[in-house]
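The next block holds one structure in the form of structure tokens; read it before the comments.
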2 protein chains.
Amino acid sequence: MFIKAKQSRVFQDVVEQIQNAIISGKLEPGSKLPAERELKDMFNTSRGTLREALRVLEQKGLIEIKLGVSGGAIIKRIDAGIMIESLALLIRSGEVSLEHLAEFRIKTEGSIVELATQRATKKDIKELEKLFNRAKAYYEKNDWENFLLTDEKMHTYIGTITRNPVFQFVQKTIHDNIHLYYSEYLPMDRERTFENLTDFKKIIEAMKAGDERAAAEIIMDHVKRFNDKMLEKTRKKAKE
Amino acid sequence: MFIKAKQSRVFQDVVEQIQNAIISGKLEPGSKLPAERELKDMFNTSRGTLREALRVLEQKGLIEIKLGVSGGAIIKRIDAGIMIESLALLIRSGEVSLEHLAEFRIKTEGSIVELATQRATKKDIKELEKLFNRAKAYYEKNDWENFLLTDEKMHTYIGTITRNPVFQFVQKTIHDNIHLYYSEYLPMDRERTFENLTDFKKIIEAMKAGDERAAAEIIMDHVKRFNDKMLEKTRKKAKE
DNA sequence: GCCATATAATGGTTTAACCATTTATTCAGT
DNA sequence: ACTGAATAAATGGTTAAACCATTATATGGC
């Protein structure tokens with residue numbers, strides 16, 4: 001019925017005022033807040049309290065703070081940063097296991113690829129093919145780090161094709177974490193990586209043909225296999 | 001290749017130390033950090049800097065701060081709080097529209113119900129039926145507020161049945177926001193609410209029968225219709 | 001035993017000063 | 001003129017000490 005009454009924390013009030021200004025578009029991404037010593041006067045508070053408010057806004061991903069002369073708090077465009085960090089926390093604390101994540105990926109990426117197939121333009125397909133060729137080149141050069149990065153970009157680009165920011169955020173959140181987590185576990189594995197590339201080739205073909213079910217099935221199977229291999233490796237690693 | 005070098009912010013170091021202690025399980029949920037005046041000595045910093053660190057940890061959802069004697073920073077169990085807030089931000093800023101959210105819901109809740117059907121125990125079904133009956137009672141009493149709350153609980157409980165925390169977090173994040181957003185738009189609508197109840201009855205029946213595809217189809221259709229009605233209403237509202 | 005009151009621990013806020021980083025300016029050397 | 005090193009100044013980061021506000025607990029009168 002009722003919600004907890006507003007706490008009498010000055011910095012919370014400052015946070016809300018600035019946050020509302022950002023959300024409502026009165027403060028645009030890229031623009032800069034006044035200096036701390038000016039802001040503190042505008043809000044009629046102390047610098048310490050104002051800084052606590054800035055800390056919260058920074059953590060929320062709404063501002064970015066730069067040092068030095070002509071530094072200050074810059075309004076950021078909202079991105080997946082906080083969500084990525086949240087998922088990282090859940091994984092690192094053991095709350096979410098790799099199996100949990102894989103199960104979610106299978107379902108979600110299936111949906112994403114399905115939607116992407118329905119909505120892909122010729123330009124999208126071309127972009128995917130460009131990324132694919134780049135990944136292949138890295139593979140042939142045995143450049144593991146860049147291969148992984150490009151692989152991640154292919155996944156997130158498929159998210160982009162859905163034209164739905166929710167899927168885009170989810171896809172970025174998952175793959176940033178996978179990259180974070182797996183790059184320490186995975187040594188370069190030519191066989192597995194080649195399989196990976198082959199899967200992608202097939203997905204692009206299915207998308208070209210407009211066969212959304214086929215595309216979805218391939219990626220779901222891809223994630224399943226990827227995860228099985230991963231579990232095998234991490235278990236081996238744990239034994240050592 | 002390289003990542004940005006560590007910034008020389010004292011409070012960041014404090015945040016990391018405490019966060020690591022929490023993640024690694026050295027600090028358990030429910031336990032309390034020492035008082036600010038003690039902590040500042042332990043970290044050999046000033047109270048202001050320490051408080052900035054606490055502000056960040058609080059915003060991350062890792063601690064909760066209580067006032068008064070025997071107050072202080074209490075370690076929180078990680079929940080969906082930050083994600084809920086993030087999605088709220090995206091919606092309020094217009095980055096994510098209701099159509100975007102509905103599209104995501106259709107796919108995701110379809111998957112969730114599918115999984116839940118595979119994994120539901122008899123106890124789960126019983127719990128769902130209990131919630132259903134409670135919702136029905138509120139419906140008959142025209143208690144809109146409590147009906148909505150119970151409806152939300154049914155959705156999140158289905159998330160629980162998946163036994164996968166990722167789906168649980170996602171489901172909670174979505175429905176908390178729907179509740180937040182729609183309760184201001186929706187007047188009690190007996191016809192629509194009855195339809196809602198009927199859908200749920202059907203879902204429970206399908207789950208009982210172990211028919212995962214049927215259950216998934218019902219909820220996907222349910223979300224679709226719910227969203228269509230909602231769009232109609234919000235557009236009407238916008239015209240006024 | 002119960003209720004009002006006082007006490008003290010704890011977070012919240014303020015002030016004023018100084019430190020560290022970074023950009024812009026100045027100026028010497030060529 | 002140009003270059004590059006020294007300098008200045010704006011801005012965030014940190015410290016210290018004091019005081020205010022809230023609340024659990026202890027005290028004491030009945």
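Heavy atoms only: backbone and side chains are in, while hydrogens, waters and symmetry mates are out. These numbers were taken from a predicted model, which means no experiment stands behind them. Here is how names work: the chains are called A, B, and so on, in the same order as the sequence lines, proteins then strands, and each is numbered from 1.
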- Task: Mind calculating the distance between CZ (Arg9(B)) and P (dT11(D)) to the nearest angstrom?
- Result: 18 Å
- For the base of dG12(D), is there a side-chain donor-acceptor partner from Arg37(A) under 3.5 Å away? yes
- Message: Are the side chains of Leu90(B) and Met83(A) in contact, using a 4.5 Å heavy-atom criterion?
- Response: yes
- Message: Can you tell me which residue among Arg55(A), Arg9(A), Lys60(A) is in a salt bridge (charged side-chain N to carboxylate O under 4.0 Å, His left out) with Glu58(B)?
- Response: Arg9(A)
- Please state how far atom CD1 in Ile63(B) lies from atom P in dG11(C), giving the value in whole angstrom units. 10 Å
- Task: Find the distance Gln12(A):CD to dG11(C):P and express it as a whole number of Å.
- Result: 17 Å
- Query: Any side-chain N or O of Arg47(B) under 4.0 Å from OP1/OP2 of dT15(D)?
  - Reply: no
- Item | Leu67(B) side chain, from C-beta outward: closest of dG13(D), dT22(C), dT23(D) | dT23(D)
- Val223(B) backbone acceptor or donor facing Asn227(B) side chain under 3.5 Å: no
- Message: I want to check one thing: is the phosphate of dT15(D), taken as OP1 and OP2, less than 4.0 Å away from some side-chain N or O of Thr49(B)?
- Response: yes
- Message: Is there a side-chain contact between Ser46(B) and the phosphate of dT15(D), meaning an N or O under 4.0 Å from OP1 or OP2?
- Response: yes
- Residues in side chain to side chain donor-acceptor pair (under 3.5 Å) contact with Glu152(B), at least two apart in sequence or another chain: His179(B)
- Message: If I take atom CG in residue Asp13(B) and atom P in nucleotide dT14(D), what distance separates them, rounded to the nearest angstrom?
- Response: 10 Å
- Here the distance between atom C1' of dT15(C) and atom CG of Leu50(A), to the nearest Å, is 14 Å
- Item | Closest nucleotide among dA9(D), dG12(D), dA8(C) to the Val69(A) side chain | dA9(D)
- Item | His155(A): which of Phe226(A), Phe132(A), Phe167(A), Phe200(A) passes ring pair (Phe, Tyr, Trp, His ring centres under 6.0 Å) | Phe200(A)
- Query: Over how many whole Å does the gap from Lys66(A) atom NZ to dT22(C) atom P extend?
  - Reply: 11 Å
- Item | Atom-to-atom span, CD1 of Ile65(A) to P of dT21(C) - whole angstrom | 17 Å
- Task: Please determine if a side-chain N or O atom of Thr45(B) lies less than 4.0 Å away from the OP1 or OP2 oxygen of dT15(D).
- Result: yes
- Item | Rounded distance in Å - CZ (Phe11(A)) to P (dG12(C)) | 6 Å
- Message: Nearest to the side chain of Glu36(B), heavy atoms from C-beta on, is which of dG13(D), dT11(D), dG11(C)?
- Response: dG11(C)
